[in-house]
Amino acid sequence: MALWEQGGGSGFQQRKAGGSGDNDTGSGQRSTVKGVLTCTVATILNAKHSESDNCFVYKHLKFNTVMVMGLIREANHEANGSLATYQIDDHSGGLLEIKWWHDDSGEPMKPLTYIKVVGQVKTFNNKVHVVAHHINKMQSLNELLAHSIECVHASMSIRKQGELTGTGMTSNTSHTSGQTQQSSAIANGFTPVQNAVLNVLKTVTSMTGYSVTEICKQLKQFSENQVKQALEFLSGEGHIYSTTDDDHFRAASN
Amino acid sequence: MTHHYRINGSMIQQFSGKPVSIIGTVSKIHPSGNVLDLETSDQQHIVVRSSDHIVDVNPGNIIEVLGEVDNRNQIACDTIVTFEPEQTANFDMDMYNQAVMLFQHYPQDYLVNL
């Protein structure tokens, strides 16, 4: 499966050794942040590498693999070599260096053309660059437009997830053209509503637990319907149980 | 390369003196060869003055202009990006116009170097 086709989120955390295709040559350490983040050049240039998370971090965004689109300002092709280096500009500020190890097929890309790059962020001498897995010439200006909008969407999606679950969750929206991207990640196997309801019930001190109305009062961001559906799911799975009547619940792990 | 704000015609005044990027349709090229008239994504017309002689651009072409807004609400442009016909065929200029406003409304998500 190509790197950018992996879904984001916890479903893909378990990988078989050697099957990662991550280009982590020799490090032996597998990155925990999977998926491809669609983002601006400024995001990458401002990111810092986090040893503990083994990924790059900027504000609420955590990533190793990125998708960017920008205008080639400088192109350097190694004579008799397979390395091409591009400096790309997406007007967000700064130039991003792209290293592209290519075979001899395809014509070299020229300055003042837009390209789309999917690749891994690396640092060298305190400067970031991207090692490209794929480079394509922009097919249509609509592609650039969609990409820019996706940058906003990805960031907003991740920011909202972080606010809802209150955890430092690293989930990236994956992007494949023609496919709807997965924009709501799952934490601990639960959706944000289910997680929130479960967390409320875990704070119960009485034997009666909380009624549906009380839970809704504590979770104003969700509708009563959403809370009821979450309760149905959680009790079906055995994480919560009803007490005095069908309207009152407690968490099973209390 | 500093951050260039993506703008449309109605935003020109508020970005006076700032670096901008505008995508629009060429409506006219002045005989001097250094100045062109651009129709923006919100159907306004702006004047673009280029430092170099403008080449490879014809009326009806969609181009991207990178430059600064001067005190006459014209663009002093240093780079004109042209596209192949296949790249601009079916370009959704209305969607682009909406996107331009989207980037303004969500500075915490459209991340740039200010």
Side-chain angles (χ1 to χ4, degrees), chain A residues 37-47 58-61 63 66 68-74 87-97 110-116 136-160 162-163 173, chain B residues 1-8 15 18-25 41 50 52 54-57 61-68 77-114:
Chain A
L37 178 66
T38 305
C39 65
T40 61
V41 161
T43 306
I44 302 169
L45 294 179
N46 286 323
Y58 179 55
K59 300 197 179 204
H60 51 280
L61 302 172
F63 51 90
V66 292
V68 286
M69 242 180 124
L71 191 67
I72 298 179
R73 289 291 193 169
E74 268 175 58
Q87 304 292 337
I88 64 166
D89 170 18
D90 69 353
H91 317 312
S92 62
L95 284 180
L96 178 63
E97 184 170 283
K110 297 180 293 192
L112 292 192
T113 58
Y114 271 97
I115 57 171
K116 180 179 258 183
N136 289 101
K137 186 175 103 169
M138 176 182 80
Q139 306 288 357
S140 147
L141 211 43
N142 285 323
E143 203 186 329
L144 178 63
L145 173 57
H147 174 87
S148 312
I149 296 174
E150 168 62 16
C151 289
V152 175
H153 178 248
S155 166
M156 195 181 287
S157 200
I158 292 167
R159 198 162 41 78
K160 295 226 162 127
E163 286 164 17
T173 54
Chain B
M1 290 300 127
T2 51
H3 159 53
H4 285 59
Y5 295 89
R6 290 190 190 273
I7 64 169
N8 59 19
F15 286 87
K18 301 219 164 109
V20 297
S21 147
I22 307 189
I23 293 183
T25 315
S41 52
S50 169
D52 305 311
I54 298 169
V55 292
D56 294 333
V57 175
N61 288 168
I62 294 178
I63 60 171
E64 178 179 26
V65 167
L66 297 165
E68 242 183 55
C77 138
D78 49 68
T79 312
I80 292 185
V81 185
T82 55
F83 303 103
E84 289 166 23
E86 307 82 64
Q87 292 175 315
T88 57
N90 304 318
F91 179 53
D92 194 337
M93 194 63 87
D94 279 334
M95 183 71 74
Y96 179 73
N97 196 45
Q98 288 184 57
V100 159
M101 298 189 284
L102 187 82
F103 304 145
Q104 285 295 101
H105 285 134
Y106 295 102
Q108 69 273 48
D109 291 309
Y110 192 68
L111 299 169
V112 298
N113 260 335
L114 287 170

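Proteins get letters first, then strands, A, B, ... in listed order; numbering begins at 1 in each.
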If you measure from [atom1] on [X] to [atom2] on [Y], what distance do you get to the nearest 0.5 Å?
X         : Y         : atom1 : atom2 : result
His91(A)  : Tyr5(B)   : NE2   : OH    : 14.5 Å
Arg159(A) : Tyr106(B) : CZ    : OH    : 9.0 Å
Tyr96(B)  : Leu144(A) : OH    : CG    : 8.0 Å
Asp90(A)  : His4(B)   : CG    : NE2   : 11.5 Å
Ser92(A)  : Tyr110(B) : OG    : OH    : 6.5 Å
Asp92(B)  : Leu141(A) : CG    : CG    : 10.5 Å

Chain A contact via [X] - side chain, backbone, both or neither, heavy atoms under 4.5 Å:
X        : value
Glu84(B) : side chain
Ile62(B) : side chain
Ser21(B) : side chain

Notebook entry, point to check: Heavy-atom distance under 4.5 Å between the side chains of Phe103(B) and Ser148(A), does that happen here?
Noted result: yes
Which heavy atom of [X] sits nearest a heavy atom of [Y], and at what distance?
X         : Y         : result
Asn90(B)  : Asn142(A) : O-ND2, 2.7 Å
Ala42(A)  : Leu111(B) : CB-O, 3.7 Å
Lys137(A) : Gln87(B)  : CE-NE2, 4.3 Å
Leu145(A) : Met95(B)  : CD2-CG, 3.6 Å

Margin query: Applying the side chain to side chain contact (heavy atoms under 4.5 Å, CB included) criterion to Asp109(B), which one of Leu61(A), Thr40(A), Val152(A) satisfies it?
Written below: Val152(A)
Check: Looking at Leu96(A), Leu95(A), Val41(A), which one forms a side chain to side chain contact (heavy atoms under 4.5 Å, CB included) with Met1(B)?
Finding: Leu95(A)
Margin query: Can you confirm whether more than 12 heavy atoms, excluding those of Phe15(B), are under 6.0 Å from its CZ atom?
Written below: yes
Notebook entry, point to check: Based on non-hydrogen pairs under 4.5 Å, which of Cys151(A), Cys39(A), Gly94(A) is most in contact with chain B?
Noted result: Gly94(A)
Check: What part of Asp89(A) lies closer than 4.5 angstrom to a heavy atom of chain B: side chain, backbone, both or neither?
Finding: side chain
